[in-house]
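Sharing a structure here in structure tokens format.
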Amino acid sequence: MAKKRNLKIMAIRLCVALMLLMASSSVVLAQKSLDDRVNVSLKSVSIKTFFDEMNRQTGLNFICNADELKSLPKVSVNERSATVRDVLDQVFGQMGCSYTVQGSIVTVSRHASAQKSRTVYGYVKDDEGEPLPGVPVKVKGTDLQTITDANGYYRLKVPAGECQIEYSYIGMESQTLKLAKGGSDQNRSIRLTSDNTLNEVVVTGYQTISKERATGAYTIIDKDDLSKRHAQNLAQALDGLVAGMQGNDNGRGGKNFTIRGTSTMNADNTPLVVVDGFPVTDNPSSGADTNPNLNALERLNPDDIESITFLKDAAAASIWGARSANGVIVITTKKAKKDQNWSVEASTQVSVGEKQSVSHLTNHATSAQMINYERWCFENGMLGSQYAGSMSSLYSALTQSQLLMYKGYSMGTITKDAMNTQLAQLASINNASQIKKYMLKTPVVSQTQGSISGSVGDWTTRASLMYQYDTGDFIGSRGNLWNIDWNNNYKLNKYISVTVALNLVNSDKHSSQIGISDLANLSPYEMLLNDDGSYAQNFHSSYNSDVLSQFNWSGFTYNNMNYNLLQEARHRRERISNTQMRTQLGLEFRIIDGLKFNSKFQYESSRYTRKDVNDEESFYTRYAVNYYTSGDGQGNALGASAVPAGAIVVNGKGSGHSALFRNDFTFDKVLAEKHAISAVVGNEISNYYLKSHTNPYLYGVTASSAGTVGATGYVNTMDGSTSTISGVPVTGKQYVMQSWNHNRFVSFYGNVSYMYDERYGLSASARSDASNLVTSKPKYRWSPLWSVGAMWNMANEKWMKEQTAVNRLTFRLTYGKNGNAASQSSARTTINTNASSIDESTGYYPGTIYDYGNPTLRWEKTAITNVGIDFSLLDNHIYGSLDYYNKKSTDVLGTVSIASVNGTSSATFNNAELSNRGFEASLGASADMGDFTLSGTLTYAYNKNKVTKLYTEMTNVSDMLNSYYIPGYPMNSIFTFEYAGMDKGIPCVYDTDGNKISINDFSLWYMDYHKVLHYQGTYVSPHTAGLNLDLRWKSLSLTAYLNGRFGGKMLMPTFAYNYVDNFGGKVNVSAQVADLMDANGKVITGLTDNMPLPTVDGDGNAIQLNQYTAWALFRRSLDIRVEDASYIYLSEIDLNYSLPANLFSGRWIKSVDLYGKMENIGLLWSANSKHYHPDYLPGSYQPVMTFTLGASIKF
Amino acid sequence: MKTTIYHALTAVALTMLCSCNDYLDTTPSKGDNEVLNNSEQVEALFNNSDIFTAKAVMTVPESDDIGLTTDMFDAMGYAGENYLNGLSYDISGIENNVYGDPIWENEYNKVFTANLIMNNVEEVTDLTDAKRTEYLAQAHFLRAMAMWNLVNTYCEPYAEANLQKPGLPLKTSTSYEESLSRASLKDTYDFILADLTEALKTNCADVDKRWWVSKPAVEAMLARFYLFTQNYKSAAEYAAQALQSSATTLQDFNELSFSPSPLVSPDGVADTVKYSGLYSLSPNEMTVYPENYYSQYFNVESGLYLIPSESLIALYDHDNDLRYQQFFNRNALWEASISGFGDNIIYHKFHHYLNGDEIQSGPTVPEMLLTEAEVLARQGEWQSAMTYVNKLREARILKGAADINLTATSQQEAVTQILDERHREMPFVMRWFDIRRLAYNETTYDDVTVKRTFYAVANNVANTSVKYIYTLPVKSKRYAQPIVNSEITRSSGQIVQNDYDDTDVQKTAVTTDENQ
């Protein structure tokens, strides 16, 4: 990864500044030196020796044709205190040579040869149009050469014959100019483009410095790394590329990233995203603010990205202040270059994936296994209370097989024979193929994009357009995404340039309101369609279908109350549309050399609408309309429904805007050649506003009616009781739900870095933030955040220059404090008066205390120490970096136990502490073997976190089993009991003294947890690794991406030990029943790695129902469930082929690339016994294998 | 040009620095998270039933009214730790309960809300003098009610000898920094009296919304306060004043109907159980129940069945006392999956459809009649005292029954008769508070020694192989329920535990013979 790095525009400017200084000082030196006095005493030496001696004394360089050099006579000169000019005149005069001085270059030529020559002159500029001073310009095969002056101007005498002129410069791609035979002088201006292979530049968002000078810990991903992957979104493209950054699925195709572990409990834990110098609004990921807006990374088109820098430590991130504790992702977008020819790029790709696996989604037992288990429950009294939860209750949902058994065993309304026949029939059905056919889709994603960039005079512009269509993988789902980006720069004059950028994203997502949980509620024998194509009857998950069927529906609005999942999926849909816009305006004033003033303004806006439609064909709507009908509770209607027939539509809306104004001075200058100073000081002020609401539900929506809002107050319902109508706002309110958020920040910041002789560097930064989230007490409101850093480029030491094995060796050390805003807490007690329903005792809307108050509310702070080494060895064939960090977070908002005399037994105070320690390594290597190039990068990260302080009483066994944060342990720890096998038919656990304790012994829950619980590790793997391997042959390349996680623990799926009841919801049986019961329905005995199903207790009595309850309680808390979660996953293989350039030489086309890739290929290795991917256990979505084909073309 | 820029920037920076704090004073969000500053919020807090519903966890099983036998316990298979600890007067189990103490937490939560309003009332933007008076009176009343329940649960009873013993932490603000030390019992009672005196300033002359403060409600609480502090003269005055309320009336139980419900026993026997008409009242109907001066109910934790003791059952005239017929529901224990014990009686009076059984805890008309009767009798006017008792009995005994009226021939008999009637009218929690009070008042003939047979209880679990006869002697220090240790730890030791010794609860092992 370290190999290919971008040279940033800013870096070029820096180099330019540096070279300008050097060049101008040389000119001064040269002019002075011609009149300087020298002492030269040489006797019969070669002209070369004379040149060397003069160079030593004056710094002048001599250029002379190699052939001429050999033919020149020996030199003898003896002058004391003579001017340089005199010496040169004397020596060259004797030889019959003439010379010219240009800067520090003295070009010597023989009069006599009088070769026919001509002059080439012109400017050398960079791809931004900035002049490049000090560029060697050379005639190939000769010693004829010169360098450009401070303005990038050069003038060189070249032979009149055919020749090639070479322009080469560090950090730029060399160019060769072919000159045909001719005698006339020629004006040739050259533009050199940056060469990505050598220079690495760190963009911190507020300044750009070369990696050679960066003290902090950074990882840089450039456009090549990204473009190779052809990812549909940025999050996908970044996953696994950055050591120390972990991504977890965010449930909509993207990832939520954390950098270097979690350093907060209650505040936001996502990294700050900065685009072109502006922190952009991210989508609140949790809490009341959750909205369907796309988050910052989702709003970026991967093709628009020039480079991404990940700031991981204090020096790197502290400048971003109070929102940087979670790391900062700094993104630079592509921009057009000055004087660049217009260029157009276009690409298109299509991805096709497999369908989701039905058995993995539902994790159901087979129909026969399910019925066997239910039957066993019935026969052994493992049946919920028969008498208490009446079968006649509408709200006691059952499976179809359970109903048959209730009828056969408990109620006797059908004969055992009839029951057995019908059960046998159900046992033979499997609905998986119908689900696959009707509910699941083959996911296809197509993406097309184009961009154009170029310049007209001082105006440069780049525009891109991306369109993506996604069919989704579930019935009713599909999505569109448009992304438009337009970036302009206009150089007003020498001092002022203006940047205007615009980004517009529009996305539209459709889904049925049916999801995987609904699918899991379908018993494995419940078909979607009957043989004749009509909708089969399914058993509802919340209502007793038998009771439903006994209602006399003829008196109700809807007479057919058949429930069917497919019908539901086809007639209930949701559409979420959002539009998000970002505009950026930047002004850059060059005040004096090296000093600039930047003024930047950003405005963002977002809007979304959400529309849920429930057609009257859906059970949801039919049930709702019938429910609000006055009934006698015996199944008969007594009147009309309080709501009209027709669809039920729910609309919601949200909008937000933010403004950010940022002003700073930057100073970049190299003084006296060796002292490089880079500094920034500035201020930022921002304002974020977000509001959303849900409109009242519309009932009776038809082709001719827009629908009506339900009546307020209570209405009679079909079960003989009263209820309020769903989605009717409380009296006096316009909306069903409404909220808004308003956040403001003010910051001051400064940063300075100093580099001596490209060898020793120091950096320091300071920043202070305040926000309206935090208290009004200034003592707590402002955050003092700062950092210091030092570095040493050992490879630049003179004594290292001799050797060639080490190309680069840099040591870095930083320390500093970052912050995190605490938006989830309030300094004062706050009240919630937004209750959604009345208090039934008083008949009024109740107020509640929302936050008891945290009077000492302040910023969370994270102190980070980072030690790092960057290296590059053996002619840059091996390269990498190592980093060790120690993050200590203090004043972390933690939920702590306090005396309840204070009104509450727990409060959120700034007094918790967390620590994250870790190590990161990135190692790359490349080798050329003829036309083959093999390269690879391995990233490895280790993170160990710990809750170091949190005042909470954790002596409670159930807290230890259920808490995320436990003092003295890593976050997300797993605790288990030690399984002791069965005793008298009851599972037991050991205490630390080795005593067996029955899981039915309630005192277990009151014991000191040390006596019964064992720490097993964490769900989050401490070791993560990523590997990408790249094999190239000519213009064909093959890249494979692997990732692995090691050292984490997982809980293996277990059987739910659910007894069959008729309380609450319908319960299906999970596939893990097969571990406990054989195909004939016989309980497997003698299990040691599992709790067996209960048979009889030690006295030979049947196990009571209330004893079996504990099985379910303990199933996930036994050590036998814990396994190693390590795995290695082959996530992607990319194949790229660039068509040979000679195919379109002389045409408009510059290049054509064809590519294909495979994603989510599978686990290469996993430590767990069932070969599960620990992140995608049965009962969940899993990433499916996807194939992509695409092509891109450049003009 | 440069100068202009510098000037502009300096101006911008200065303006920003000055206006920063104004700029940052914006409320971060609305709707769910606002500082208290308007009357709508104050009233919404008062309209939340959490502010007037109380918990009764340990106080239910502690009196002699609970009759959970070991046989029943065997049939149930399990009882919650609060039930077990209450029945056995356990100390260490309560102290070590890592799950906290709902009574303590709930009542101090009310104290917080009351303090919040008292502290912030001046910041209410739409405050009027009438509102200020009303909010402050309500807040003081809420705090007095909470502290009353606390002092009767965790502290030893009011008596001259106990006045310097530990009372309660007296919180008057929402600050976490305020001292949490326990004041003396005297200071605690003075604190409650001061709150009630402040609450008496209410503008609400008669009971209106029954969950809000009103003059009669405060007077009734003052009557209760003075009865429990043996100031009979003041108790008589305030009870009489409270009884002037025209909005509060006796409910004639003769007018109550039954609410029948079909139930099946665990053995499959079907019966229709007759619940009280009060049992089916909605939460709102419970709140407006006309006998209540202030509608505070004790919520009986689920699983804490009000299984009446034989002594309680024997107290009623089974044929004529409508309280027995209405609230002692035959075969209703089946609902708890228990059967086979005599009539399977369980006590149900009020019932919140979500929270379960509820027992009146706020002052009521019957309580005031009984208070007036008791204090008159204790002051020697025992004959006129009986008229108050009999007024209550008219509403409680079957119309036309022979012995509606109670009579007495001596002061002691009158007091005993009145106390029995009080016991019948307010069993369980008020009975427990009365047992505490009666032990310390001026008479000894009314003292109660509680005795029951139950399993040994340790670590919140019953040991079914050991049975004890538990005896709670008169003036036992275990009248005060221990405070959970976690609360003491969290207060950094500011809160101290009650003082207990071995004589507080006497345990006699039951021999195997008795066991069978």
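Here is the naming used below: chain letters follow the sequence lines, and residue numbers restart at 1 for every chain. Owing to the predicted nature of the structure, the values given are computational and were not obtained by experimental measurement.
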Roughly how far, to the nearest 0.5 Å, is CE of B:Met286 from CD of A:Glu840? 11.5 Å
Among A:Ile849, A:Thr904, A:Asn902, which residue satisfies the side-chain contact (heavy atoms from CB on, under 4.5 Å) criterion with B:Phe112?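 Exactly one candidate clears the test, A:Ile849.
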For the residue pair A:Ser905 and B:Arg490, what are the closest heavy atoms and their distance? O-NH1, 3.4 Å
With a 4.5 angstrom heavy-atom cut-off, could you sort out which part of B:Ser295 is near chain A: side chain, backbone, both or neither?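 Contact with chain A: none, neither part.
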Just by distance, no angles: are the side chains of A:Thr833 and B:Glu40 close enough, under 3.5 Å, to form a donor-acceptor pair? no
Residue, of B:Thr287, B:Asn106, B:Asn47, that accumulates the most heavy atom pairs under 4.5 Å with chain A: B:Asn47
Between A:Asp1001, A:Asp839, A:Val901, who has the most heavy-atom pairs with chain B when the cutoff is under 4.5 Å?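 Sorted descending by pairs with chain B, the first entry is A:Val901.
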Worked verdict on A:Ser900 versus B:Glu487 for side chain to side chain donor-acceptor pair (under 3.5 Å): CA-CA 7 Å; A:Ser900 353; B:Glu487 188 70 7; 2.8 Å; yes
Are there over 12 heavy-atom neighbours, none belonging to A:Tyr844, within less than 6.0 Å of that residue's OH? no
When rounded to the nearest 0.5 Å, the distance separating CG of B:Leu45 from OG1 of A:Thr848 is 7.5 Å
B:Phe46 vs A:Thr842, test: side-chain contact (heavy atoms from CB on, under 4.5 Å). Steps then yes/no. CA-CA 10 Å; B:Phe46 287 148; A:Thr842 63; over 6 Å; no
Main chain of A:Ser841, side chain of B:Asn284: is a donor-acceptor contact present, judged purely on distance under 3.5 Å? yes
Do you know which of A:Tyr852, A:Tyr688, A:Tyr689 has the most heavy-atom pairs with chain B at a distance under 4.5 angstrom?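 Highest number of pairs under 4.5 Å: A:Tyr852.
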Roughly how far, to the nearest 0.5 Å, is the CG atom of B:Leu36 from the CD1 atom of A:Ile831?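 It comes to 4.5 Å.
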Within the supplied structure, the quantity of interest is the number of heavy atoms (other residues, nucleotides, ligands) at a distance under 6.0 Å from B:Lys110 NZ; does it exceed 12? yes
Is a side-chain donor or acceptor of B:Asn109 paired with a backbone partner of A:Gly903 at a separation under 3.5 angstrom? yes
Should we count NZ of A:Lys691 as having more than 12 external heavy atoms under 6.0 Å?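 Result for NZ/A:Lys691: open.
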Honestly, the part of B:Leu150 sitting under 4.5 Å from a heavy atom of chain A is neither
Criterion ring pair (Phe, Tyr, Trp, His ring centres under 6.0 Å) on A:Phe909 and B:Tyr176, from CA distance to verdict: CA-CA 11 Å; A:Phe909 288 151; B:Tyr176 301 108; 4.8 Å; yes
Select, from B:Thr174, B:Leu116, B:Val111, the one with the greatest count of heavy-atom pairs under 4.5 Å involving chain A.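 Top option by heavy-atom pairs under 4.5 Å: B:Leu116.
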Cut-off 4.5 Å, heavy atoms of chain A, and the answer for B:Asn120 is side chain
Side chain B:Gln41, main chain A:Gly847, donor-acceptor under 3.5 Å: no
